[in-house]
Amino acid sequence: MLSPGEELVKRWEREQVCLKERLLEENTEAWQESGSFSGLARVGGVDLSFIKGDDLNACAQLVVLSYPDMQLLYEDSEMVTLTAPYLPGYLAFRECPPLLQVLKRLEGEKPCLMPQVLFVDGNGLFHYREFGLACHLGVLSDLPCVGVAKNLLQVQGVIRSEDHLSQISALKKAGDSFPLAAATGRILGQALKSSDSSSKPVYVSVGHRISLNTAVRLTHSCCRYRVPEPIRQADIRSREYLRRRFPSGPP
DNA sequence: GCGACAG
DNA sequence: ATCTTGTCGC
């Protein structure tokens with residue numbers, strides 16, 4: 001017999017394979033072909049924050065910043081109840097529903113502020129089955145998406161080897177990067193030194209409707225610190241929201 | 001048994 | 001994700 005958990009994972013895996021058919025791994029927007037991204041005015045970021053002892057309730061956050069100035073144009077915090085557990089490789093099934101919900105609210109209230117590209121906290125193509133959260137959210141929202149992970153997911157032969165660490169030490173200045181190649185040779189993402197002062201890179205991969213090269217260039221151009229400003233602001237503001245609403249931790 | 005394990 | 005402040009250094 002199959003445990004309920006195993007049955008769930010089989011369904012989720014089939015769903016990833018199915019949604020993957022709608023994935024676009026190339027540029028689809030005119031601004032993406034411009035060297036300076038002229039025509040790009042709004043970049044979004046999403047994130048979820050939790051209270052210490054509670055993995056069911058979370059704050060889903062969406063921010064929209066102006067490009068290239070990174071000024072706040074829109075912000076929304078919404079308490080959500082998560083239904084799915086976190087399983088490595090299946091983060092999207094936990095986080096997508098609430099993130100789509102905050103996007104839906106923006107569409108209803110301020111459609112003119114819909115971002116032209118969305119930064120997602122987690123991987124896109126750089127994933128066990130090449131369909132991480134940034135791809136999943138991209139396909140379901142049909143927005144151009146960039147996946148940015150703060151930690152390396154060891155996948156498809158990409159490991160934290162001496163060689164990987166040595167490639168990291170070879171990154172000299174912000175904007176330097178090296179490719180993350182699967183055992184098959186396919187390039188799944190790019191390790192990017194996103195600010196001069198960060199020793200640890202971020203891991204950029206295609207989410208949807210953007211090429212890897214463009215995603216890396218854009219990520220670099222949105223970084224004041226290590227984490228791209230849209231994601232950083234979403235993280236800061238969702239945590240701030242929880243602190244204000246639950247000053248003494250979980251009830 | 002041991003290590004890995006985006007968020 | 002979260003548990004946790006200050007501190008040392010550039």
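The chains referred to below are lettered A, B, ... by the order of the sequence lines, with proteins before strands, and numbering in each begins at 1.
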Are dA1(C) and Y86(A) stacked, with the base six-membered ring and the side-chain ring centres under 5.5 Å apart and planes under 30°?
no
Can you check the H136(A) NE2 to dG7(B) P distance for me, whole Å?
18 Å
Could you state the NZ-P distance from K200(A) to dA6(B), rounded to the nearest angstrom?
11 Å
In this structure, how many angstroms lie between the P atom of dT2(C) and the CG atom of D55(A), rounded?
12 Å
Can you tell me if the side-chain N/O atoms of R129(A) get under 4.0 Å from OP1 or OP2 in dA6(B)?
no
Run the numbers on E107(A) and K104(A) for salt bridge (charged side-chain N to carboxylate O under 4.0 Å, His left out), then give the verdict.
CA-CA 5 Å; E107(A) 176 147 69; K104(A) 199 70 187 173; 3.6 Å; yes
Rounded to the nearest Å, what distance is computed from the CD1 atom of residue I231(A) to the P atom of nucleotide dA1(C)?
11 Å
Answer yes or no: is there an ion pair linking D142(A) with R209(A), defined by an N-O contact shorter than 4.0 Å?
yes
Give the nucleotide from the list dA6(B), dC5(B), dT2(C) with an atom nearest to the side chain of F50(A).
dT2(C)
From the list H127(A), H136(A), R129(A), side chain to side chain donor-acceptor pair (under 3.5 Å) with Y90(A) holds only for R129(A)
Residue-phosphate contact under 4.0 Å: N151(A) side-chain N/O, dG7(B) OP1/OP2
yes
Listed nucleotide nearest any side-chain atom of Q154(A), set dG7(B), dA6(B), dA4(B):
dA4(B)
Over all strands shown, is Y90(A) touching base, sugar-phosphate only, or nothing at heavy-atom distances under 4.0 angstrom?
base
Suppose you measure atom C1' in dC5(B) against the same atom in dT2(C); what distance do you get, rounded to whole Å?
16 Å
Take atom CZ of F119(A) and atom C1' of dG7(B), then tell me their distance rounded to the nearest Å.
18 Å
Whole angstrom value for the distance that separates P of dA6(B) from CG of L133(A):
13 Å
What closest approach, in Å, do Q32(A) and E29(A) show between heavy atoms, and which atom pair accounts for it?
OE1-N, 2.9 Å
Assign G89(A) to base, sugar-phosphate, or nothing according to its heavy-atom contacts below 4.0 angstrom with the strands shown.
base
Rounded distance in Å - CZ (R239(A)) to P (dT4(C))
14 Å
Rounded to whole angstroms, how far apart are CG on D235(A) and C1' on dA1(C)?
10 Å
Please determine, for the side chain of L91(A), which listed nucleotide (dC5(B), dG7(B), dA1(C)) has the closest atom?
dG7(B)
Just checking L87(A): base, sugar-phosphate only, or nothing, at a heavy-atom cut-off of under 4.0 Å?
nothing
Under 4.0 Å between a side-chain N or O of K52(A) and OP1 or OP2 of dT4(C)?
no
Shortest non-hydrogen pair, M70(A) vs V43(A), comes out as CE-CG2, 4.0 Å
So if I take every side-chain heavy atom of R160(A) and compare against dC5(B), dG7(B), dA6(B), which nucleotide ends up nearest?
dC5(B)
